[in-house]
4 protein chains.
Amino acid sequence: MTGLTARQKEIIEVAVKLMAEGGIQNLTMKNIAHAMNISEPAIYRHFESKMDILLSMLTQFKQHSNDHLRSARALNGSRLAQLETIFLEHAGRFANHPHMTAVVFSEEAFQDDPRLADQVVSIMTTADAIIAEVIAEAQHNGEIRTDLPKEHLTLMILGTLRLMVKRWRLSGYAFDLQQESRQVWNSLKMLLAASSSP
Amino acid sequence: MTGLTARQKEIIEVAVKLMAEGGIQNLTMKNIAHAMNISEPAIYRHFESKMDILLSMLTQFKQHSNDHLRSARALNGSRLAQLETIFLEHAGRFANHPHMTAVVFSEEAFQDDPRLADQVVSIMTTADAIIAEVIAEAQHNGEIRTDLPKEHLTLMILGTLRLMVKRWRLSGYAFDLQQESRQVWNSLKMLLAASSSP
Amino acid sequence: MTGLTARQKEIIEVAVKLMAEGGIQNLTMKNIAHAMNISEPAIYRHFESKMDILLSMLTQFKQHSNDHLRSARALNGSRLAQLETIFLEHAGRFANHPHMTAVVFSEEAFQDDPRLADQVVSIMTTADAIIAEVIAEAQHNGEIRTDLPKEHLTLMILGTLRLMVKRWRLSGYAFDLQQESRQVWNSLKMLLAASSSP
Amino acid sequence: MTGLTARQKEIIEVAVKLMAEGGIQNLTMKNIAHAMNISEPAIYRHFESKMDILLSMLTQFKQHSNDHLRSARALNGSRLAQLETIFLEHAGRFANHPHMTAVVFSEEAFQDDPRLADQVVSIMTTADAIIAEVIAEAQHNGEIRTDLPKEHLTLMILGTLRLMVKRWRLSGYAFDLQQESRQVWNSLKMLLAASSSP
DNA sequence: AATGAATGAGTATTCATTCAT
DNA sequence: TATGAATGAATACTCATTCAT
């Protein structure tokens with residue numbers, strides 16, 4: 001349960017879109033109002049402040065992210081399959097909602113308020129922790145090579161994912177992110193593979 | 001030759017510091033003037049506009065980056081050693097000038113002006129191209145495994161580097177970036193290694 | 001008869017309290033609604049406008065004041081006793097309803113609307129006239145010295161009362177207004193006393 | 001030394017005039033700008049904020065008040081003459097600068113900010129203390145009756161002065177304040193007089 | 001009798017920039 | 001080379017009020 005009204009969700013959606021189009025600088029109350037065909041003060045019926053909108057935006061994003069991570073963890077398959085799901089679904093989410101990349105990469109803009117910054121860090125930390133966990137299990141399983149610390153592998157997987165998405169965004173969503181992510185994952189899988197001949 | 005006067009460099013330095021401290025929102029003409037103990041109009045003696053400052057900032061950053069990349073390429077050692085130099089020196093530069101991370105991660109803020117956005121893309125593309133080139137050569141050499149496309153390896157190396165630096169920044173520069181980068185590079189090297197038993 | 005419904009009285013009461021707490025600036029429809037746990041539009045069921053609330057507030061205050069003055073005038077005792085009653089009961093009313101001081105001393109805030117300003121002047125003028133009347137009678141009686149014009153004595157009595165209450169308010173209601181008013185009245189009485197040895 | 005620039009004094013003067021005309025509600029940055037034929041932002045070159053203007057206004061008023069009190073205290077004549085000077089000059093100041101009454105009687109509007117409220121209290125307290133001091137000396141001298149505590153006499157003198165000025169203001173400056181103040185002072189003098197026949 | 005949604009007009013303040021000196 | 005004064009446009013936010021339900 002999000003606890004958000006339909007109108008609140010609508011506002012957040014518009015806000016994300018505006019950020020995607022022109023960065024944080026484009027996210028003004030005026031622009032939100034314009035995009036929704038209402039007056040500026042009307043927004044304040046639904047959110048107490050602009051900060052509140054940003055906070056709700058991050059909270060919603062965080063919830064979705066955690067849901068995805070949790071459902072991937074619940075899968076029956078191997079740990080590697082869980083990792084793959086996480087990687088591909090993450091990319092898939094962005095592919096289906098390109099605007100959402102704006103949220104991830106506007107982290108810096110959120111830096112100036114402690115509450116926003118905390119949320120950002122919390123989102124990153126959670127993803128990090130869960131992926132590291134899966135990797136650790138996969139290493140125990142013998143599914144993933146054990147000659148590298150799980151922290152480094154986590155860093156590589158997430159770093160690769162992020163840069164891939166960032167490039168997609170910088171390119172103006174010019175290539176097929178989903179297809180690309182599948183290929184990149186295949187490469188990652190080869191790197192992670194436990195050496196067959198010990 | 002940079003073509004920048006001493007005063008211009010000073011302004012850029014202050015601008016970078018301000019961005020590092022409080023993001024793009026903190027980078028105002030007023031703040032620059034304050035930090036330099038001059039009046040706001042005085043800045044316009046040195047730069048035509050704020051955009052000009054940002055542009056010069058990116059240009060300078062780009063030049064330094066390219067210099068580093070070029071000098072690494074000029075090294076006599078193996079291709080892998082060149083890659084290592086690129087990776088470690090990149091991290092080293094940030095370690096010595098933490099403010100500079102603000103420039104890299106404010107990319108999104110630069111998105112709203114095409115000239116700035118172009119510079120950002122150009123910086124990333126150049127690094128990408130050169131690293132891909134080194135990897136290709138290393139693959140030919142037999143220094144790096146050939147079962148993965150060079151584009152993916154480039155993506156992984158740069159993605160890992162970026163995320164490591166980002167975490168360092170988000171942590172408030174809390175850990176030793178240089179030491180961490182050495183350890184991470186070691187792990188990367190193991191992943192890149194050509195399989196010893198053909 | 002006040003002609004005010006229970007709900008209207010409630011609104012006025014809340015309005016006075018809000019003014020007492022934070023001045024006229026604190027008296028907003030939003031704050032009234034909040035304090036009463038109803039919605040803003042609901043207030044308009046009971047008053048046509050905010051101005052109407054203020055007007056009713058002043059009217060109510062005026063009625064109470066006049067009632068007090070009239071009942072003091074109806075007393076059987078000496079004129080001086082009537083004056084004393086007026087002085088002490090006035091102070092007593094404030095002592096029991098500290099919020100009410102906000103109404104008296106927000107006169108300036110009411111200045112910007114002619115209807116409100118008129119009410120304020122009317123309240124002051126009435127008190128003035130009645131006190132002057134009592135003094136005149138007391139002077140005739142020989143209860144009060146006759147070497148000073150009744151207008152000046154009125155000014156002094158009311159001025160003293162007002163400043164005493166104002167200080168009480170500025171002090172955050174820190175002293176016992178009722179006790180203080182008794183002592184001050186004793187002093188006033190000594191000043192007003194007809195010279196015993198003519 | 002005030003430490004205020006000519007422009008700052010001008011702004012304060014305009015601000016006082018606006019308050020005199022329509023209360024605190026009339027004192028907006030827009031109105032100040034309009035009255036000075038400059039733009040709103042221009043004001044911020046001279047004062048950091050609106051609060052700053054109000055604070056400077058009170059500080060200036062306080063300084064003038066204290067100067068007057070001090071110079072009256074420095075007079076050679078009797079204590080009663082000093083009191084008279086204080087009373088008449090106070091009234092005279094208002095008579096010559098009717099707008100200034102707005103400052104005194106907007107005390108309530110200043111109540112909502114602690115710094116402003118403190119200044120108000122400080123102004124009142126200082127005048128109070130000095131007048132009480134003069135009265136005490138005059139009582140020792142035998143110039144003023146000693147059967148009343150100096151605090152009560154102070155309250156009466158200041159209260160009378162304030163209410164007189166307030167009425168002048170409410171009347172739209174309709175009577176001659178200076179003449180009235182002389183007559184009222186004569187009455188006060190008679191009340192204060194030490195009884196001639198001991 | 002009451003509300004959720006909305007609004008036009010206004011609030012203080014900030015920003016990059018210009019201009020006369 | 002630098003500044004003091006100024007500005008148009010924008011910013012987040014508030015206010016009393018209206019209207020359909």
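Throughout, a chain's letter reflects where its sequence line sits, starting with A, and its residues are numbered from 1.
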Hey, are C/E40 and A/R45 close enough for a salt bridge, meaning a charged N less than 4.0 Å from a carboxylate O?
-> yes

Please state how far atom CG in C/L18 lies from atom C1' in F/dC15, giving the value in whole angstrom units.
-> 15 Å

Under 4.0 Å between any heavy atoms, over every strand shown, what does B/L27 touch: base, sugar-phosphate, or nothing? Just pick one.
-> sugar-phosphate

Counterpart base for E/dA1, defined by Watson-Crick or G-U wobble contacts under 3.5 Å = none

In the strands shown, is E/dA9 matched to any nucleotide by a Watson-Crick or G-U wobble pair with both distances under 3.5 Å, and which?
-> F/dT14

Range on DNA chain E touched by chain C, heavy atoms, distance below 4.0 Å | E/dA1 to E/dA5

At what distance, to the nearest 0.5 angstrom, does CD1 of B/I53 lie from NE2 of B/H46?
-> 10.0 Å

Presence of A/R45 side-chain N/O under 4.0 Å of F/dC15 phosphate oxygens OP1/OP2 | no

To the nearest Å, how far apart are B/F47 CZ and F/dA2 P?
-> 13 Å

Can you tell me how far the CD atom of A/Q25 sits from the CD1 atom of B/I24, to the nearest 0.5 Å?
-> 6.0 Å

Expressed in angstrom and rounded to an integer, what is the separation of A/M29 atom CE from F/dA10 atom P?
-> 17 Å

So CD of B/Q119 and CG of B/L55: to nearest 0.5 Å the spacing works out to 6.0 Å

DNA chain E: B/N31 or D/K30, which has the more 5' nearest nucleotide?
-> D/K30

Would you indicate what A/T28 reaches in the nucleic acid, counting non-hydrogen atoms under 4.0 angstrom: base, sugar-phosphate, or nothing?
-> sugar-phosphate

Here the gap from A/M29 atom CE to A/I43 atom CD1, rounded to the nearest 0.5 Å, amounts to 4.5 Å

Mind checking who E/dT21 pairs with, Watson-Crick or G-U wobble, both distances under 3.5 Å?
-> F/dA2

Between A/E48 and D/I38, who's closer to the 5' end of DNA chain F by nearest nucleotide?
-> D/I38

Side chain to side chain contact (heavy atoms under 4.5 Å, CB included), paired with B/L54, selected from B/T59, B/D113, B/L27 = B/L27

Closest nucleotide of DNA chain F for C/S49 versus for A/K50: which of these residues is on the 5' side?
-> A/K50

Within this structure, what is the CD1-to-P distance between C/I43 and F/dA16, rounded to whole angstrom?
-> 9 Å

5′-ward residue of the pair C/A42/A/A42 relative to DNA chain E = C/A42

Rounded to whole Å, the CD1-P distance (C/I11 to F/dA16) equals 14 Å

Can you check the D/E40 CD to F/dT11 C1' distance for me, whole Å?
-> 13 Å

Please state how far atom NE2 in A/H34 lies from atom P in F/dA10, giving the value in whole angstrom units.
-> 11 Å

Spatial distance of atom CD (D/E108) from atom CD (C/E107) [nearest 0.5 Å] | 9.0 Å

